[in-house]
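Scroll down for the structure; my scribbles are underneath it.
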Amino acid sequence: MSANYKPVIWNRSKQVYDAILLAGVIGYILIYTRLGPFLQPAIPPLDEQTLAMQAFGSCAFILLTLVLSIGPLARLDPRFLPLLYNRRHFGVLTCAVAAAHGAKVLGWYFAFSSIPPTLAVLAADTSYGQLHGFPFIPFGIAAFVILLVLAATSHDFWLAFLTPPVWKALHMTVYLAYALIILHVALGYLQATANPIFAIVVTLSCGSLVGLHLAAGLRERTRDFARPDPAAQAPWVVVATVDAIAEGRAIVVSLNDAERVAIFRHAGRLSAVTNLCAHQNGPLGEGRIVDGCITCPWHGYQYRFEDGCAPAPYKERLATYRLLLDGRRVLLDPHPNPPGTSVEPIPITESAG
Amino acid sequence: MPGAVPSLIHDAMLAYAAIGGIVALAFLLIGLDRIDPAAAGAYAFRPLLIPGLMLLWPVAIVCWVRRQGSGGRGTSMRRRHRSAHLRIWIALAVVLPAILLAAMSLRQNGPTEAAPIRLSD
């Protein structure tokens, strides 16, 4: 967490995750470079450099599609949450594979240029005035720059330095990178290849990704439209019945378009905190109580049930909310307390629980 | 010879990276310990910050100046990116298929390569 920065945090599950990722990438590159000549028969046969270039490029595209699928999949089905825990390493690996693709391009097409290869790649094709053969490399470069910025700012330091809203906004530019990569592929390789396999893969990947994000986004929107009813006495609002909250879990209540509250039940008591984890704004209400602490489902950040403070030596704090029981109904004061304010959890009485 | 615009872009990128290198060095030597208590005594992670500082040095300078004297971390309870997410993907649901369709229609060959024709013996 935040007591002191470490270069990379690895635990057993992250090591397994990274090992599987790495093995997957190496396996893909090997298979592509071996099978490529059979899938794209050409005279003369494709050289090894071109095959490697294609292998890294297509691998980066598939990795980016997968990494962008993890978020909506985890929102739609919690069984995908373990994929989310190490998504950062996934993203950094995607950038590394994209860099390998770029290095292969520079090393093959521009290695013997009389000008620096990085300048040659910019100057190679400037036919912007025509649709046929429109330059596709700049789209790839722009997408790579975005991936590089995201990989370079993936360390927790940047999250704290830029603040979570700015960091999150910056990292949402990955969607722009994806659109640029689609342009890069559509105006580049898809124009050249006679093999329909890659066109089918790109179209299916793109369609699935759009479908997943729309499904997850629309589901969130439906949830956000449900507002709690005001109680008889202001400022309280009725948020749930006690029975609706499972032990060790939470329900999430939307107070407005952007503010959500997670109400947890633990050891016969109820407590409410903001739904946003102080780390990466993860959805705390989708997490659970572990060792008496509210635990974020994204990266395992923990907060005390009673005051929303991370246990020492960590320093993150959450805004807390007041709760009240009215029979079996749970009432919430929608005005947040300053982060870290202690609010005694309310006991669930026999009549209520 | 490369055109004037590519050369200009290339030179600008090099200059940007060079300034970024200077800012990164200054930040890691002077700024980091003053603005982030979690960096105290942690040195191994610092080289990892160099690429980000070189890429985002104008933003880094702004954040550096703003955070001088305040070691606290901002907290937010509002998640505005959630509604932005849906809007972005509605737009992409239109843009991405349009790109792919346009690209397919631009192709000069069909889905399979035409058989080669011998022009002369």
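All values reported here derive from a predicted model rather than from experimental measurement. Lettering follows sequence order; numbering is per chain, from 1.
- Nearest heavy-atom pair across E259(A) and P336(A) is OE2-CG, 4.0 Å.
- In this structure, the portion of V59(B) lying under 4.5 Å from any heavy atom of chain A is its side chain and not its backbone.
- Using a 4.5 Å heavy-atom threshold, the side chains of V252(A) and P283(A) count as separate.
- For chain A, the nearby parts of I90(B) are the backbone and the side chain; heavy atoms of each come within less than 4.5 Å.
- No other option in L187(A), L148(A), V261(A) has as many heavy-atom pairs under 4.5 Å with chain B as L148(A).
- The candidate from G41(B), P51(B), P47(B), C63(B) with the greatest count of non-hydrogen atom pairs under 4.5 Å with chain A is C63(B).
- Taking each heavy atom of P117(A) and L106(A) in turn, the nearest pair found is O-CD2, 3.6 Å.
- With a 4.5 angstrom heavy-atom cutoff, A60(B) touches chain A via backbone and side-chain atoms both.
- Between chain A and the residues L53(B), V5(B), I9(B), I50(B), the largest count of heavy-atom pairs under 4.5 Å involves L53(B).
- Closest heavy-atom contact between Y16(B) and L55(B): OH-O, 2.5 Å.
- With a 4.5 Å cut-off on non-hydrogen atoms, L170(A) touches chain B through its side chain but not through its backbone.
- Using cut-offs of 30° and 60° for the angle between ring planes, the H279(A) and Y301(A) rings count as parallel.
- The aromatic rings of W89(B) and Y175(A) lie perpendicular to each other, with more than 60° between the two planes, well past the 30° mark.
- Among the candidates I88(B), V95(B), I99(B), the residue making the largest number of heavy-atom pairs closer than 4.5 Å to chain A is I99(B).
- Atoms NE2 and CZ, on H155(A) and R46(B) in that order, are 11.0 Å from each other to the nearest 0.5 Å.
- Heavy-atom pairs under 4.5 Å with chain B peak, among F157(A), F134(A), F161(A), W158(A), at F161(A).
- Heavy-atom distances place no part of A169(A) under 4.5 Å from chain B, backbone and side chain included.
- Using a 4.5 Å cut-off between heavy atoms, L209(A) touches chain B through backbone and side chain atoms alike.
- For chain A, no part of L14(B) is nearby; none of its heavy atoms comes within less than 4.5 Å.
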**OP:** Check the pair W57(B), W64(B) against side-chain contact (heavy atoms from CB on, under 4.5 Å), reporting the backbone distance first and the verdict last.
**Re:** CA-CA 10 Å; W57(B) 62 263; W64(B) 185 0; over 6 Å; no

